[in-house]
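Residue numbering restarts at 1 for every chain, and letters A, B, ... go by the order of the sequence lines.
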Amino acid sequence: MPRQLRSHRFYNRRSLSQVHALKIPSDYLCSELGSRMEYDFRAIEQRWQTNWKASEAYKVTEDPSKEKFYVLDMFPYPSGAGLHVGHPLGYIASDVYARYKRHQGFNVLHPMGYDSFGLPAEQYAIQTGQHPALTTEANVTRYREQLDQLGFCYDWSRQVRTSDPAYYRWTQWIFAELFESWYDAAADCAKPISALVEMLQSDGLETAQPSCDGDWWKMLPDGVYPWDDAFDGTLTAAHWNACDAVAQSHILMQFRLAYLADSEVNWCPALGTVLANDEVKDGLSERGGHPVVRKRMRQWIMRISAFSQRLIDDLNGLDWTDSIKEAQRNWIGRSEGASVHFGIEGLPQHTIEVFTTRPDTIYGVGFMVLAPEHELVEVLTTAEQKDAITAYQTAAAQKSERERQGAGDHEIRGCFTGGYAVHPLTGEKIPVWIADYVLAGYGTGAIMAVPAGDERDWKFAKAYDLSIPPIFEGVDTDESVYTEKDIALCNSGEFDGKTPVEAIPLAIAYLEDKGVGTGQINYRLRDAVFSRQRYWGEPFPIYYDGEIPQLIRDEQVTLPPVDAYLPTEDGDPPLARAKTEDWNVTRGDRMEYNTMPGWAGSSWYFLRYLDPHNTEEFCARDKSDYWGQVDLYVGGAEHTTGHLLYSRFWTKFLFDRGWIGFNEPFKQMINQGMILGRSNFVYRVQGTDQFVTFEKRKEFQTQRLHVDINIVQSDKLDVEAFKSWRPEYANAEFILNDEGEYTCGHEVEKMSKSKFNVQTPDDLVERYGADTLRCYEMFLGPLTQHKPWDTQGISGVHNFLRKLHRVFSQIEAGSAATDDQHRIVHKTIKKVSDDLDRYAFNTVISALMIGVNELLETKAQNAALLQPLAVLASPVAPHLAEELWELSGGTDSVLDQAWPTADERWLTADEVTYPVSFNGKVRFQLTVPADLDAQSVESQVLVHEQAQAHLDGKTVRKVIVVPGRIVNIVVG
RNA sequence: GCGGGUGUGGUGAAAUUGGUAGACACGCUGGAUUUAGGAUCCAGUGCCGCGAGGCGUGUGGGUUCGAGUCCCUCCACCCGCACCA
């Protein structure tokens, strides 16, 4: 064959007609492509995909006669780059499992959609002026093509897109319902706000226990309420009834589950928007890695903190990995302790409230530390310290979160306020400091510092020469800190002689008794900021009368067109650019200009799939009652902590309000590992056009450069292709190895365009077919593990499918099946079923390979014998399975054929071969009838001539026969 | 620092309850066939050794007739959280 044709075939095998055009001898074609006996994957895949589409093979409806099974993929954000081979891994696994469940007779719901609001489309819009909806549309089309060619069994009639107004209408509805709800902490349940209003009218806050900020009345704008400065939050019915409508709406705002508040937010100047805590990593934005600073802004906020305890407790019933559950617990961050009030010297009207997990150490308080932003800093600071404190505060405020956290190196910084607190038990004066190590966002933003028992307090005391009251028996805390809880306390009044473990409950009771503290449980989980200053997100169904937000419930608010996707000159969000006539709805003084965050639409999409076309409700109750929870959720483990937290929160809310009948969204979850790319490198001799082979690179000063993996085969560079790859390499010269080849270096890294190691599924489907790619991705290794992509291995899997096809092509009418062949088939049925049940997809492929190899060896030709194999192959290779089903005389589609069961009769062999070991070392094999009892096996083994040889001159101390497994003889 | 996880051939890996470690593939070596091969078929392939045999699942120890698997010690790497009171 001419060289030109070979390379042509390698890079993209084309259709028959194109090959004809290159004048190939016809006998060559027969062996390669033409014969009926060959596995023509292109024809097969195209044919069955067309059939499935025509018969709506994957459309499902509620069917009470069948048990349901809901298999869900984490829906993708349709990015411009398209899919690489790593993306479909989870989709293939869930598809395999969905098909398996369908064969088992379940009514399987397996939907797909797009998380189509988001930053990249908006960034692109800012650069090009193109509306994000257009970019999104193009990307969705591309994704769909790529997904379709892999033969997934999605019911596309249920597709959702978060940016579709028909979808986000219901995201807006859920927001509206959250706005119209409060959390009854007494009943541990979300309830309609009207119920709270009734309680306020009759009893004020005496009976109602709404979850809210501890100082909720301090958030109210000045002067709207009918009480004076001494008001301490005890709202009576008289108070409430005396309020006018404006005051009442301000008060209710403090209790709503979606509420508007001024709060410190993570502001990212580069992105021009606020971010949720889980969108910030190490003080940088997760997307883009831009610096994040604290800023006070009026924002919509979700009261997720009200659900903290339930979000922890309900993890117990979920079949998720420990690490994901642990990440959830970690994020919620529950800690038990006490809240303690310290007086302030000379200011009897103020107290400093602190949270501590170690109330037992209260006699060891050496000083107090407040966060620099703490509201009492101002009143505590003395005239002499004023300048120092102000300077410190300013410096702290100007630092980014990243600098503030010291990016890991915890430098000791602080400043004395000049003020003193009063110890609630001893009445002693305690100096009050401010420091970065006390965080405004956790607890009360203030701590009682016990240097003897806390590492940071101790270091701080040492750095600023503060007193370290000794409170542990026999420990010199001047020398080192003692953080264990196993030693007796001293100098601690009533707790003397007790260990901290014993003293903690006593201390809480004692503080409560003295009226200076209470037992308290604290959570790290903050309420979630729900406003984004972006264009490409859900608009709020909100307008403003003055400062009072009002819901729009009778009409959907859709995204208005804008002239640019940037903030206004006044710094308002992009929606402020929309002119009145651009909005489909305008009310009041102005519309809400913020949009919802990315997680809004993705927090409930799994519910919309259940009833995707409903225009009356987000999801009809009878639909959600039938389909229920997601039985199996498959997706990556990266970036899921927030998604899971928010989805669980919304699910619990919808459950509390009675719209769905379950309070956790995802029963079981599997996290697929990442597929890593294998990059190749060339070595340029510095300052030249010479490239040296991997073996000789050490002899030169070289520069390592990524090279496109498509022009490298088995680490050997196609040097001609390299020259034409990029213009700057046109004159490249090569220093080859001793075999006259150029070897590339390699490394396993994340797949990325810039590393030229991206393998797209498209190329592989073109060359080997979808079934091969599906099987290969499953064969690569355990689903949950990270693994490097290696294209070379794919030929083995492709060969397997060809052999599988060959077995079925050799079916002869009238040929009989042997016992051995039955054993092969049933052994395979058992292994494949067991492995699918435990999601061991890689060994499913191995088992099928073994079965096919053995059947080929034994020349199996009986159709009835082979038919179950077509069903076994159906989850992993659905196109080929249809073809095989047909070849073996099956009618209809293979999709709904019952999963075969392994017959015990064929799983037990007549004979058993025992490995016989001496002191644990296997020396020979002995085959005996399978039903021979252990005693007889032992005697047969001992008289065996080989055994005699090994026993020569030694004593048999013990013989262990493990029936069906092994014989071990202990000799001495 | 805390939490979770992983260490097995040249490579991806298998061994589900403690029972022949390396299945199944890739790669490699040799052979057959072929005008040709990146096609197909056959054989071999953990390491050392001609062989008998010895050694071998990150390290060191323990339990056991028997340990990749159970217990303890240490090491390395990956992921998550991290000044959380």
Side-chain angles (χ1 to χ4, degrees), chain A residues 1-3 6-7 9-10 25 28 31-32 281-282 321-327 329-331 333-335 337 354-358 369 404-406 408-413 435-439 441-450 453-457 459-460 522-524 637-638 640-641 673-674 678 713-714 776 779-782 784-797 799-800 831 834-835 837-838 840 842-843 845-850 853 913-925 957-971:
Chain A
M1 181 197 276
R3 176 167 184 95
R6 271 196 272 144
S7 61
R9 253 190 60 219
F10 177 68
Y28 163 76
S31 63
E32 187 66 11
K281 260 191 107 163
D282 299 328
T321 62
D322 288 340
S323 71
I324 295 271
K325 285 191 188 185
E326 206 46 45
R329 289 193 195 99
N330 211 320
W331 198 264
R334 177 193 153 103
S335 53
V354 300
F355 174 75
T356 176
T357 54
R358 297 290 304 275
V369 188
R404 189 81 174 268
Q405 290 172 9
D409 68 78
H410 298 141
E411 202 186 310
I412 299 159
R413 284 182 298 261
D436 277 358
Y437 86 90
V438 174
L439 309 173
Y442 181 76
T444 61
I447 62 158
M448 58 177 224
V450 181
D454 182 279
E455 191 109 24
R456 292 149 308 168
D457 296 347
K459 283 184 181 159
F460 196 80
N522 214 16
Y523 300 92
R524 199 168 70 91
E638 320 82 50
T640 51
T641 307
M674 205 187 314
R678 191 175 185 280
Q713 196 66 21
S714 302
Y776 185 54
F779 185 62
L780 221 43
T784 53
Q785 234 163 67
H786 291 327
K787 52 225 154 216
W789 180 258
D790 168 20
T791 310
Q792 292 197 103
I794 202 167
S795 62
V797 174
N799 274 343
F800 149 65
K831 177 77 176 150
D834 288 353
D835 287 356
D837 284 333
R838 60 190 181 101
N842 52 334
T843 51
I845 306 292
S846 306
L848 288 171
M849 284 174 168
I850 294 167
N853 287 342
T913 300
Y914 281 96
V916 180
S917 62
F918 293 79
N919 290 342
K921 290 185 197 311
V922 176
R923 296 303 179 188
F924 68 95
Q925 312 274 328
R957 301 213 182 270
K958 200 171 176 182
V959 179
I960 290 121
V961 177
V962 184
R965 288 282 189 182
I966 198 170
V967 177
N968 190 23
I969 300 166
V970 187
V971 295

Quick one: closest heavy-atom pair of [X] and [Y], and the distance?
X        : Y        : result
A:Ile447 : A:Tyr437 : CD1-OH, 3.6 Å
A:Ser917 : A:Asn968 : OG-OD1, 2.8 Å
A:Arg965 : A:Pro915 : O-CD, 3.1 Å

When rounded to the nearest Å, what value does the distance between [atom1] atoms of [N] and [M] take?
N      : M      : atom1 : value
B:rG44 : B:rG51 : P     : 16 Å
B:rA39 : B:rC77 : P     : 40 Å
B:rU11 : B:rG27 : C1'   : 7 Å
B:rG22 : B:rU45 : C1'   : 12 Å
B:rG68 : B:rG18 : P     : 13 Å
B:rC41 : B:rC48 : C1'   : 33 Å
B:rC71 : B:rG49 : P     : 38 Å
B:rU34 : B:rA21 : P     : 43 Å

Mind checking if [X] touches a base, just sugar-phosphate, or nothing, with heavy atoms under 4.0 Å?
X        : result
A:Asp454 : nothing
A:Val970 : sugar-phosphate
A:Arg923 : sugar-phosphate
A:Asp834 : nothing

So if I take every side-chain heavy atom of [X] and compare against [options], which nucleotide ends up nearest?
X        : options                : answer
A:Gln792 : B:rG27, B:rU20, B:rA23 : B:rG27
A:Thr357 : B:rA85, B:rC83, B:rA25 : B:rA85
A:Arg456 : B:rC84, B:rC24, B:rA85 : B:rC84
A:Ile960 : B:rC83, B:rC65, B:rA85 : B:rC65
A:Arg524 : B:rG19, B:rC83, B:rC81 : B:rC81
A:Tyr437 : B:rG80, B:rC24, B:rC83 : B:rC83

Would you call the rings of A:Tyr442 and A:Phe355 parallel, tilted or perpendicular, where under 30° means parallel and over 60° means perpendicular?
perpendicular
CA sep, side-chain torsions, deciding dist, call: A:Val970, A:Asn919, side chain to side chain contact (heavy atoms under 4.5 Å, CB included):
CA-CA 5 Å; A:Val970 187; A:Asn919 290 342; 3.7 Å; yes
Please determine, for [N], whether a Watson-Crick or G-U wobble partner exists with both distances under 3.5 Å, and give it or none.
N      : result
B:rA15 : none
B:rA82 : none
B:rU45 : B:rG27
B:rU8  : none
B:rG56 : none

Would the number of heavy atoms belonging to other residues, nucleotides or ligands and lying under 6.0 Å from NZ of A:Lys459 be above 12?
no
Nucleotide N/O of nucleotides 5-15 of chain B paired with protein N/O under 3.5 Å:
unit_1, atom_1, unit_2, atom_2, d
B:rG12, O2', A:Leu780, O, 2.4
B:rA13, OP1, A:Gln785, OE1, 3.3
B:rA14, OP1, A:Asn842, ND2, 2.9
B:rA15, OP1, A:Arg838, NH2, 3.0

On RNA chain B, check which nucleotide each of A:Asn919 and A:Ala847 is closest to and give me the residue with the more 5' one.
A:Ala847
I want to confirm an ordering. Mapping A:Gly443 and A:Thr641 to their closest nucleotides on RNA chain B, which one lands closer to the 5' end?
A:Thr641
Spell out yes or no: do the side chain of A:Asn968 and the base of B:rC65 have one donor N/O and one acceptor N/O closer than 3.5 Å?
yes
Rounded to the nearest angstrom, tell me the gap between atom [atom1] in [X] and atom [atom2] in [N].
X        : N      : atom1 : atom2 : value
A:Phe800 : B:rA23 : CZ    : C1'   : 15 Å
A:Ile969 : B:rC65 : CD1   : P     : 16 Å
A:Asn853 : B:rC41 : CG    : P     : 10 Å

Look at the side-chain N and O atoms of A:Lys459 and state whether any lies under 4.0 Å from the OP1 or OP2 oxygen of B:rA85.
no
State, with a plain yes or no, whether a side-chain heavy atom of A:Tyr776 is found less than 4.5 Å away from one of A:Phe800.
no
Could you check B:rG54 for me: syn (within 90° of 0) or anti?
anti
A:His786 side chain to A:Met674 main-chain N or O, any donor-acceptor pair under 3.5 Å?
yes
Flag, side chain of A:Ser335 to backbone of A:Tyr523, donor-acceptor distance under 3.5 Å:
no
